[in-house]
Each structure stands twice: as C-alpha cells, then as structure tokens.
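For reference, the structure discussed in these notes is given below.
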Amino acid sequence: MKKKKFILMIFIFSIIVIVLDQLSKYIVDSTIKFGYTKEIIPNFFSITNARNFGAAWSILWDKRIFLILISCVAFLFVSFLIYREKECNSYKSIYYGLLIGGIIGNLIDRVFLGYVIDFFDFTFFGFHYPIFNISDIMIVISILLICAECFLPNNIFVKKSNEEVEVIDFDE
C-alpha cells in the first residue's frame, strides 16, 4: 500500500471514531442528566452520565493541563510512528486510526469541557467496572491489535495457499 493511501485510511478511521465518540457523548449528555443512570440489562449494563476529571480509573484527578499535554505528546508520538512506518498496510491503518481517533476524542472533551464524558457502565460478578466511553474502547482495541501484531506468531497475519505465503491485505 502506498504511503498516501495509508495515511488517508488512518485519517478516515480517525474521523469515524471521533464522530461516533462525540455524537454518543452528545446523545448521552442531552438525554440523561449528569449523575443519573439508565439501566439497560439489570445488574450488568447501564448508561450513566459521568464526568471524568482524570484519566483511566480517574487517576490524575484534576490534572487537566497535564492530561492535555500527555494527549498531545501521545498524538505527536503516534504521528511520528506513522511517518516512519515502512510497512504500510490496512491492518496498521486500522489500529493507527483507532488510536488517533480515541486520543483526539477524549482530548476534545478535556479542552472544551474540562472533563471527559463517560457512560458505558458495567458490573461483572459484583465488581463495578470503571465507566468508559467509545474513545476509551478504541484506544484499548488499537493497543490490543498492536500487541497481537508484536507478540503473536507471524503466521497469524498471513494466509497460506499450497506452498505460497503472502501477507493478508484488506485492499484486495
């Protein structure tokens, strides 16, 4: 895949994530009062309008400027990795796009609201999991995809037909 197409695909995936994230936060914030919960599946899944003034699990509470700077550094670092990427393929464009979209989605909230709107609220076997949003999901998925690429055997990402081995590319 050519570098221009690679970057275009990353941009498209990022925009999709940002739009879904911001739209979902807008819908939750305009339909559920802050601090209130709408139970979807009893004792398992709810939509809760929550404000997170920190990072994951509310660490670094009330460190808005620091978190904005960290997000900007993360964005610049990922952009640098994309610029230096030698193996441009669809798989990488997906995980880079999800990661950048997730970073920017939460960054928008921090800059314009001073906090991040979270709303997915799960309880597993009596454990109340920290509330999260679409950007958080996309960041986690992208990290899992990167780890899968790094740590799983190379043959996971290739398809074999007879004696030929080729890299799977979603463009075909």
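The model shown is predicted, which means the values in this text are computed figures rather than measured ones.
- Here the side chains of F45 and T123 are not in contact, with every heavy-atom distance at 4.5 Å or above.
- Put simply, the side chain of N133 does not reach to within 4.5 Å of the side chain of I117, judged on heavy atoms.
- Across I103 and A74, no two heavy atoms sit closer than the pair CD1-CB, 4.0 Å.
- The minimum heavy-atom distance between R64 and G114, with the atom names listed, is NE-CA, 3.5 Å.
- In this structure, the side chain of D109 does not engage the main chain of N106 through any donor-acceptor pair within 3.5 Å.
- Put simply, CD on Q22 and CD1 on I104 are 10.5 Å apart, with the number rounded to the nearest 0.5 Å.
- In this structure, CZ in F124 is found 13.0 Å from CG in N43, a value given to the nearest 0.5 Å.
- Of the possible donor and acceptor atoms, none in the side chain of T37 sits under 3.5 Å from a partner among the backbone N and O of I47.
- Contact annotation: the side chain of Y36 never approaches that of N49 to less than 4.5 Å [non-hydrogen atoms, C-beta and beyond].
- Proximity of L107 to F75: side-chain heavy atoms (C-beta onward) are nowhere separated by under 4.5 Å.
- With values rounded to the nearest 0.5 angstrom, S93 atom OG is found 11.0 Å from I7 atom CD1.
- Proximity of M138 to D21: side-chain heavy atoms (C-beta onward) are nowhere separated by under 4.5 Å.
- Sparse packing is recorded around CZ of F77, with 12 or fewer heavy atoms of other residues, nucleotides or ligands lying under 6.0 Å away.
- Nearest heavy atoms, S24 versus F119: OG-CZ, 3.3 Å.
- Counting heavy atoms of neighbouring residues, nucleotides and ligands inside a 6.0 Å radius, atom NZ of K38 does not exceed 12 of them.
- Here the side chain of D136 pairs no donor or acceptor atom with the backbone of I139 at under 3.5 angstrom.
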**Asked** Hey, mind stepping through I100 and I82 against side-chain contact (heavy atoms from CB on, under 4.5 Å) and telling me if it holds?
**Response** CA-CA 11 Å; I100 287 177; I82 292 166; 3.4 Å; yes
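- The shortest distance between side-chain heavy atoms of R51 and D29 falls below 4.5 Å.
- Checking L99, L145, N89 one by one against I94, the side-chain contact (heavy atoms from CB on, under 4.5 Å) holds for a single residue, L145.
- Annotation: side chain of F120 is in contact with side chain of I137 (closest heavy-atom distance under 4.5 Å).
- Atoms SG and NZ, from C88 and K4 in turn, are 13.0 Å apart once rounded to the nearest 0.5 Å.
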**Request:** Please report the C-alpha distance between L67 and F53 in whole Å, then the side-chain angles of each, then the deciding distance to 0.1 Å, and finally whether the side-chain contact (heavy atoms from CB on, under 4.5 Å) criterion is met.
**Result:** CA-CA 10 Å; L67 290 170; F53 290 87; over 6 Å; no
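- Rounded to the nearest 0.5 Å, atoms CZ (F44) and CZ (F125) are 8.5 Å apart.
- Atom OH of Y115 sits in a crowded spot, with more than 12 heavy atoms from other residues, nucleotides or ligands closer than 6.0 Å.
- Considering all non-hydrogen atoms of both residues, G101 and S135 come closest at O-OG, 4.0 Å.
- Between F132 and Y129, the two ring planes are perpendicular [angle over 60°; tilted spans 30° to 60°].
- Take E85 and apply the side chain to side chain donor-acceptor pair (under 3.5 Å) test, not counting sequence neighbours, and it matches K92, Y96.
- R110 places a side-chain N or O within donor-acceptor distance of the main-chain N or O of G54, the cut-off being under 3.5 Å.
- Atom CD1 in I12 sits 9.5 Å away from atom CD1 in I15 (nearest 0.5 Å).
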